[in-house]
Each structure stands twice: as structure tokens, then as C-alpha cells.
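Beneath this line is the structure, given in C-alpha cells, with notes to follow.
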Number of protein chains: 2
Amino acid sequence: MFAEPTSPHLKVYISVVHKLKEMIQNDRLTSGDRLPSERELSERLGVGRSSVREAFRALELLGLIETRHGEGTFLRDFRDHHLVELLGMFILQHGQAENDVAEMKEWIEIAGIKRLLSGHEEMIKSLADSILLRFKQGELTSISQIKSFLLKSSGNQLAYKVWLVLHDFDKGKAKDGKSLEEENINKLKEALLSKNIDFIRSFCTMTR
Amino acid sequence: MFAEPTSPHLKVYISVVHKLKEMIQNDRLTSGDRLPSERELSERLGVGRSSVREAFRALELLGLIETRHGEGTFLRDFRDHHLVELLGMFILQHGQAENDVAEMKEWIEIAGIKRLLSGHEEMIKSLADSILLRFKQGELTSISQIKSFLLKSSGNQLAYKVWLVLHDFDKGKAKDGKSLEEENINKLKEALLSKNIDFIRSFCTMTR
DNA sequence: TTTAACAATTGGTCAGACCACATCATTTTC
DNA sequence: GAAAATGATGTGGTCTGACCAATTGTTAAA
């Protein structure tokens with residue numbers, strides 16, 4: 001996955017990262033599962049413990065794994081990643097990146113909802129009802145939460161996950177606190193039923 | 001920046017990351033500049049070299065720094081970060097429905113090209129000409145390559161990177177070998193100039 | 001049964017060794 | 001004198017072994 005074109009001397013810690021990746025998918029490990037100990041990995045892979053640690057530390061900084069002193073190393077839920085902080089630390093000083101994030105997030109929102117609208121009439125209706133209900137119950141209180149709900153329901157789980165990541169980055173910049181009246185929800189419901197993409201698009205961009 | 005609520009025992013390599021960050025800001029270091037050597041940092045910060053290395057390896061995996069054997073460690077352009085690949089590696093691992101990948105890829109293609117078409121007439125024209133020229137020169141030989149070229153030019157570098165990752169995963173499934181005649185390229189050029197989204201959409205889905 | 005002490009496992013950190021690579025000054029060679 | 005071989009030095013790459021600290025499970029004592 002990473003460039004290793006000219007050099008046949010792939011760094012050991014990188015190879016460990018790759019091995020871990022394989023191990024995770026082969027053994028179907030999911031968040032919370034434990035990874036082998038540093039010493040065991042060191043033996044099994046025939047590399048020094050320090051190399052294993054370099055790989056672990058890198059993944060830990062990313063928030064992809066979690067290490068607990070005396071217990072072991074565990075896989076984390078990807079949603080807990082620290083990329084936000086990390087990139088904020090080093091990247092987001094660069095204005096361009098922020099725009100890219102916001103824009104791409106919007107692309108996913110629109111495309112995802114469009115996909116949703118291509119589904120059965122019944123499904124859309126019950127979804128719209130569900131949104132209204134949840135709003136009244138105080139479960140959905142912001143535009144972002146509604147968008148999240150819609151995307152999760154849209155059927156493309158990958159796009160939903162990516163959206164979550166982008167949303168993390170974008171958060172703070174977007175003004176998501178806008179008053180959300182029942183009026184708006186009803187309009188949204190109508191727009192969904194009538195497949196009024198234009199309104200939906202304006203709804204999605206309400207936060208900026 | 002990172003959570004260190006209960007534990008007063010901040011891991012050493014994390015503190016090194018922080019020190020590096022300060023160092024970078026205080027000394028106004030930019031991409032290409034050299035960072036102190038591992039041994040020097042180890043002394044200056046009063047920590048073991050292995051801890052410095054753990055911090056360096058983490059930042060290297062992220063693509064924030066670059067390490068050259070025998071030379072030293074250098075700051076990279078933040079825009080080259082490997083974040084997308086890393087996330088892809090772990091988000092896409094769970095046998096994500098291949099359909100999701102292909103679909104999302106398409107979303108990015110369409111949205112990216114739409115964005116492109118909202119640019120200046122001149123730009124679009126020269127871009128179309130450029131594609132035709134490169135095709136004749138044998139530089140662009142497949143539909144994917146053309147899409148890649150278009151997306152890279154579209155302006156959203158983040159979306160382009162994500163597309164590349166998705167393409168990596170999608171590759172092999174798509175039949176990209178379809179005969180690509182100059183005829184097709186000319187039609188694409190026309191479609192770009194006339195902003196014929198429908199044709200472009202069909203062009204993008206030609207590989208499946 | 002409950003509690004206390006202990007042993008084993010695991011991560012956290014450091015120090016030192018050795019190799020490979022790059023650079024530059026020095027020396028040798030032509 | 002110019003070019004090529006040489007070697008010293010600095011740097012990253014990796015491994016090993018040591019020791020500390022946190023956690024857990026086992027065992028022995030109360």
C-alpha cells in the first residue's frame with residue numbers, strides 16, 4: 001500500500017504494520033480484541049521487540065490501537081482515532097485542507113441522500129417519520145445528527161464511516177447550533193417524499 | 001492535546017511528539033528543513049533514543065516527516081500526509097462490501113468532475129486538450145487513468161487521495177481494459193466542453 | 001470464605017552494540 | 001593539477017538485554 005518502489009529494504013516496523021493488518025483481517029479481529037504481546041510478536045515475526053514497539057506506537061498515536069500497561073494491546077474502534085488532533089497539530093494550519101474536507105463531506109451527503117431517494121417509497125416514508133419522531137423525542141437535535149442518521153440509513157456503510165471521519169475534522173468550524181424547528185423537519189420530510197433535491201442540498205449546507 | 005486525564009505518567013514518546021511540535025513552531029521550520037538527529041534529541045530531551053525513535057516512526061508513518069538513512073530526518077510537506085491510506089487500511093479491512101467501495105468511488109468521480117466543470121471555460125478547454133494530447137502520446141491509456149487525471153485536476157486533493165485508495169481496493173474487480181479509441185476521447189472532450197453530465201456519468205461507469 | 005502474599009505476564013524505558021548509508025576531507029594515483 | 005580511491009565521521013536501522021511498573025491469576029495463610 002505504501003510506496004516501496006526502489007528500495008528492497010522495507011523498514012522492519014513498516015512490515016510489522018502490514019503483518020498486523022493481515023493478522024487483523026485474517027483473524028477477523030474487531031474493536032476490543034487483544035493483539036499478541038510485544039514479545040510474542042517479536043518472536044513470531046522474527047524481529048526485535050523495538051521494531052514491534054515502533055509499529056505499535058505509530059498505530060497507537062493514530063488511535064487505531066490502545067495499549068494498557070500490564071494488560072496488553074487492544075484494537076480500538078476506528079471512530080476513536082486521534083487523526084483529528086494529529087492533523088490539527090500539523091496540517092490544518094494549511095487553509096486548503098479545511099476546504100477540501102468540508103467540500104468532500106458535502107459530496108457524500110448529497111450522493112448518499114440521492115441514493116436513499118432511489119429506494120422504495122415505503123422505506124423513505126418510514127424513514128421520514130422516524131426522523132420526525134426522534135426529533136420530537138429529543139434524540140435528533142442538530143442538523144448534523146439528522147445528516148448522520150440519513151447517511152447511516154442510506155445503505156453505503158463505507159461512505160457513512162468516511163463521513164464520520166470528515167465530520168470530526170469539520171466540527172467546530174461548522175455552525176451546527178442553528179435553531180432547528182419542527183417546521184424545518186416537516187419541510188425536510190416533504191422534500192424527501194417529493195425527492196426535492198434542491199431543498200435537501202440547501203438543508204445540507206445550512207451549517208455554513 | 002492528547003488525553004492524559006488519570007495518568008500523570010505521560011508516555012515519553014508522546015512528550016517527544018509534543019516537544020517536536022513546539023520545536024517546529026518556535027523555529028519556524030517548514031517542509032524540507034532538517035530536524036535534530038535521534039541521538040542529539042535523545043540527549044537534549046534527556047530520554048532514551050528508542051523513545052525518540054518511537055515518536056519519529058509514528059510521525060513518519062503519518063507522512064509528516066521523512067527519514068533518510070545516513071542523512072537525517074526532515075520535515076515534509078503536510079499536504080503529503082498518509083492519513084488517508086492509513087485509515088483506508090483499517091477502515092476498509094472488514095471485508096467491506098465491495099459494492100460500497102465501487103459506489104463511493106463513483107460518487108467522488110461524478111462530484112469531482114462536476115466541480116471541475118464549474119471552473120473557467122478556458123481551464124476546461126485546456127484540460128480536455130491535454131487529455132487528448134496525453135492519450136495520443138500513450139500516457140493515458142485507460143479509463144481509470146483519465147479519471148485519475150481529471151480528479152487530480154479537480155482541485156480537491158483530499159477527494160483525489162481518497163479516490164486513489166478506493167481505486168486500489170476496487171482494482172481487479174473493474175474491467176478497465178476496455179478498448180479506448182480516440183473516438184471516445186473526442187466524445188469525452190465534447191462532453192466536458194458542453195458540460196454533458198450524463199455522458200460523463202456513463203463514461204465513468206464504463207468499467208463495470 | 002476471605003484475605004494476603006507471591007509469581008508470571010505485559011508494557012515502558014533505557015543503554016549499548018553493530019550494521020548500512022551518506023558526506024566530506026584526505027590521500028593516492030594518473 | 002585533476003580525478004579517483006580512501007577513510008573518518010555522523011546518521012539512521014535494528015537487535016539484545018536489562019530493569020522498572022502495572023495487572024492478573026495463583027497460592028498460601030488467616
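Here the structure is a predicted model, which means the values were calculated and not measured.
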Q. What are the two closest heavy atoms between Trp107(B) and Ala159(A), and how far apart are they?
A. CZ3-CB, 3.5 Å
Q. CD of Glu40(B): more than 12 outside heavy atoms within 6.0 angstrom?
A. yes
Q) Got a donor-acceptor contact below 3.5 angstrom from the Thr141(B) side chain to the Gly138(B) backbone? A) no
Q) Is the backbone N or O of Ser154(B) less than 3.5 Å from a side-chain atom of Arg115(B), with the two atoms forming a donor-acceptor pair by type? A) yes
Q | Over 12 non-hydrogen atoms of neighbours within 6.0 angstrom of NZ in Lys152(B) | A | no
Q | Range on DNA chain D touched by chain A, heavy atoms, distance below 4.0 Å | A | dG13(D) to dT24(D)
(Q) Contact list please: residues 29-43 of chain B against DNA chain C, heavy atoms, distance less than 4.0 Å, in numerical order. (A) Arg39(B)
Q: Find the distance Glu66(A):CD to dG12(C):P and express it as a whole number of Å.
A: 11 Å
Q: Compare all side-chain heavy atoms of Lys11(A) with those of Glu54(A) and state whether any distance is below 4.5 angstrom.
A: no
Q: Taking all non-hydrogen atoms of both residues into account, name the closest pair between Arg28(B) and Asp33(B) and its distance.
A: O-OD2, 4.3 Å
Q: Report the residues that fulfil side chain to side chain contact (heavy atoms under 4.5 Å, CB included) with Asp27(B), sequence neighbours left out, ordered by chain and then residue number.
A: Met23(B), Leu29(B)
Q. What integer distance in Å separates Leu45(B):CG from dA15(C):P?
A. 13 Å
Q) Please give, in whole Å, the distance from dC14(C) P to Tyr13(B) OH? A) 14 Å
**Q.** N/O (side chain, Arg53(A)) to phosphate O (OP1/OP2, dG12(C)) under 4.0 Å
**A.** yes
**Q.** Sugar-phosphate only, base, or nothing, as touched by Gly70(A) at under 4.0 Å among non-hydrogen atoms
**A.** base
Q: Please determine if a side-chain N or O atom of Ser51(B) lies less than 4.0 Å away from the OP1 or OP2 oxygen of dC14(C).
A: yes
Q.
Treating Ser153(A) as the side-chain partner and Phe149(A) as the backbone partner, does any N or O pair qualify as donor plus acceptor under 3.5 Å?
A. yes
Q.
When you measure only distances, ignoring hydrogens and angles, does the side chain of Arg49(A) come within 3.5 Å of the base of dG12(C) through a donor and an acceptor?
A. yes
Q.
If you assign Val12(A) and Arg68(A) each to the DNA chain D nucleotide with the nearest heavy atom, which residue ends up on the more 5' nucleotide?
A. Val12(A)
